[in-house]
There are 2 protein chains.
Amino acid sequence: MVQIPNPPAPAPPAPTGSVPTSADVARLAGVSRATVSYVLNNARAVRISEPTRRRVREAARELGYVPHAAARSLRAGHSRMVLMPAPAFPVGPLYSRFINELQAALSLLDYTVVQHGTVGVHDDEAARAWAELRPVAVLVPGAGLGPRGVEVLKRSGARAVVTLGPETVEGAHALLMDHDVVGYSAGAHLFDRGRRRIGVVVPGEPGLDTFSAPRLAGVRAAVRGTDATVTELPLAHDEEAAARLAARWRDLGLDAVFTYNDEYAMLLMRALQDEGVRIPEETAVVGADDLMLGRLLRPRLSTVHLELPSGQELADLVDRAVRDPSAAPEAHKVLGARVIRRDST
Amino acid sequence: MVQIPNPPAPAPPAPTGSVPTSADVARLAGVSRATVSYVLNNARAVRISEPTRRRVREAARELGYVPHAAARSLRAGHSRMVLMPAPAFPVGPLYSRFINELQAALSLLDYTVVQHGTVGVHDDEAARAWAELRPVAVLVPGAGLGPRGVEVLKRSGARAVVTLGPETVEGAHALLMDHDVVGYSAGAHLFDRGRRRIGVVVPGEPGLDTFSAPRLAGVRAAVRGTDATVTELPLAHDEEAAARLAARWRDLGLDAVFTYNDEYAMLLMRALQDEGVRIPEETAVVGADDLMLGRLLRPRLSTVHLELPSGQELADLVDRAVRDPSAAPEAHKVLGARVIRRDST
DNA sequence: TTGAAAGCGCTACCAT
DNA sequence: ATGGTAGCGCTTTCAA
């Protein structure tokens, strides 16, 4: 049998297995691709007759045509994608709410928000991975992005890089969330209540040290120059660890403890109460984050209420930065903290 | 002054303000774009001399060149992007862990995982928004995607659509998470413990009904055909609502309650205890999700432990589906549930 | 009012 | 061993 090479294929008749393009729409509607683009994007600069519009829309609907975002932004030279790395640690309700607000606000400004799951990739490598997507803006929570990473992102077209973390990074805008103030508030509060031997719980979970270290430092700062002492108390998030800590509580001789947050407060309070330690008489306990559960504990938990920035604020900052990338990076201190005293201190 | 039209511009000398492309790298290294592509992608089919490779890499490094993912996948005709809509409701630690596992597993298989923030867009409209990104696979948690949406995604090139929810959707693979079993386990457990008048807490939060409705139905199913009754108890996630419910508790005449999950259990238990209702003597309480906090309550909370699929399993399913899109959609029941009895029942 | 065509950045085929 | 070049899907001048 003789092999006959295929002749140059004449335009194949609507291969249904394939993804429809604007050319397919044009063909079906009997117009040019340009016209299709005009119609589907409601181009106002050009007048297309109503019958033509109808034919084009009908054809698009029939084919189930969906424009190709990558092709579009390739042509346009820019995208409206705002990229956020998804945090690796389990996030609390506060952060969830913040993210949702942010997404809603940015959507209203016509940006597309995308969370990118970056697994244990280090610094610049992560920045490169993000840069490949050519986002118009990158919002980086926590630490872990250096000046090099910022440079990579900017060189690849990101018009705004915003860090949400404890410190500013060269070249990037910053929403400074300095958790020092959380520890500071807690420390000052305990000191005001007459406590002088203060323990500070430091969670064992990796990824949380970004927050726990400054919170500890804040407590230290609050009592600096006084006769009060601060004792670091490493604690894993499980019952046995809490029980062990509680067992040696009286030896520690502490009269107060700041527990990093309300969840750890609950964990430790339970262990202390099981051990017979009276709260707040023997030991005052203050948590942080003002979660619902704190109000449900007995005694009711005193806590540090955090004031995060609103998603709207961040969205506005992003939009401003995108519109004028040459403007000097802004750095806003955005973390407010105030103690809510209940019955545990 | 006479206006002279610009002559065709001779290759401009490295406009530093602009984003470097592979052409810039080629120019700097003194080779063609093809060679740059070969080198940077480690093309094995073609032999490039070591000195050339070095020059290319050096040029890329010097310019801070990062490839343009959109252009690449446009050319390739496909991407390795796995898209997940980010759930709008606050997610618990279980879900967070699952997502992280999934991302890690998919990254190992060389996919890029992206969470897309879809704000209150309805069904097909959301599907269109996702389809514009031309993901190779789409994973949709919860309900909210219909057969139409699946069709849109497939027609625009998605090789796998997987729903993670209560029911199968025509054309899509499914990880069936039928929360009936959770309610069923709880109901059966309470019945076994001799309880006959069972209350079921139904959270007020929108977005949670996807889970709460089947959990309620499960309880009903568990006691169907017996003399036990099931009473629906709507409850908002705040103290006042819980207090109001507790205030009329004795009127309700219930001897047991399934609280949707452990958090609502804590909320209700506190209100009941403040009201003097003895647990479990007067009223047995069972939660769900087996959170840490359940173990910290007094009495210790009985709960329904959920067995979610591992991220690895889902990653494998996705990979299989992408490799062979023609295969019939698989539907796996993946939600296991078993009661962990503690002291509250 | 509509169409032809260039070109965004990239890769892979085909020459040389 | 390296270069030329077509073309992925789209928008947008410029011409007709």
Side-chain angles (χ1 to χ4, degrees), chain A residues 5 8-9 11 15 18-27 29-56 59-60 63 65-80 131-134 155-157, chain B residues 5-6 8-9 11-12 15 18-27 29-56 59-60 63 65-80 131-134 155-157:
Chain A
S18 184
V19 180
T21 73
S22 76
D24 295 323
V25 177
R27 199 147 37 225
V31 298
S32 75
R33 279 151 65 226
T35 306
V36 170
S37 178
Y38 290 142
V39 171
L40 296 185
N41 293 314
N42 293 312
R44 309 177 44 79
V46 76
R47 286 264 168 286
I48 306 279
S49 71
E50 198 48 48
T52 303
R53 308 183 90 92
R54 219 184 295 283
R55 284 215 317 285
V56 169
L63 292 175
Y65 170 72
V66 175
H68 192 307
R72 176 179 299 185
S73 62
L74 183 57
R75 166 65 221 228
H78 61 258
S79 76
R80 300 280 295 174
E132 292 194 0
L133 300 177
R134 296 291 191 273
R155 278 203 67 75
S156 58
Chain B
N6 288 336
S18 184
V19 181
T21 72
S22 77
D24 295 323
V25 177
R27 201 148 35 225
V31 299
S32 75
R33 279 151 64 226
T35 305
V36 170
S37 178
Y38 291 142
V39 171
L40 297 185
N41 295 314
N42 293 313
R44 310 178 42 80
V46 79
R47 288 265 170 285
I48 306 279
S49 71
E50 197 50 46
T52 304
R53 307 183 90 93
R54 220 184 295 283
R55 284 217 316 287
V56 169
L63 292 176
Y65 169 72
V66 175
H68 192 308
R72 177 184 305 204
S73 62
L74 184 58
R75 166 65 221 224
H78 61 259
S79 75
R80 300 281 292 174
E132 291 194 0
L133 299 178
R134 296 291 193 273
R155 278 202 68 73
S156 57

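Naming: A, B, ... by sequence-line order, numbering from 1 per chain. Since the model is a prediction, treat every value here as computed from it, not as a measurement.
Taking each heavy atom of Y65(A) and T21(A) in turn, the nearest pair found is CE1-C, 3.5 Å. Here the closest heavy-atom approach between residue D24(A) and residue V19(A) is recorded as OD2-O, 3.9 Å. Scanning all heavy atoms of the two residues, the minimum distance from L74(A) to A71(B) falls at CD1-CB, 4.0 Å.
As a whole-Å value, the separation of R44(B) CZ from dT11(C) P is 18 Å. Straight-line distance from the CZ atom of R55(B) to the C1' atom of dT2(D): 11 Å, rounded to whole Å. We find that CD1 of I48(B) is positioned 18 Å from P of dT16(C), with the value rounded to whole Å. The distance between atom CD of E132(A) and atom C1' of dC10(C), rounded to the nearest whole Å, is 12 Å. Summarising the geometry, the separation between CD on E50(B) and C1' on dT2(D) is reported as 15 Å, rounded to the nearest angstrom.
Heavy atoms of T52(B) sit under 4.0 angstrom from primed sugar atoms or phosphate atoms, though from no base atom. Among the heavy atoms of the strands lying under 4.0 Å from V31(B) are primed sugar atoms or P, OP1, OP2 only; no base atom is included.
For the pair R134(B) (side chain) and S79(B) (backbone), a donor-acceptor distance under 3.5 Å is absent.
The shortest distance between side-chain heavy atoms of N42(A) and R53(A) falls below 4.5 Å. Side chains of R55(B) and T35(B) form no contact here, defined as non-hydrogen atoms less than 4.5 Å apart.
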A correct 5'-to-3' footprint of nucleotides 6-12 of chain D, with B, S and - meaning base, sugar-phosphate only and no protein heavy atom under 4.0 Å, is BBBBBBB

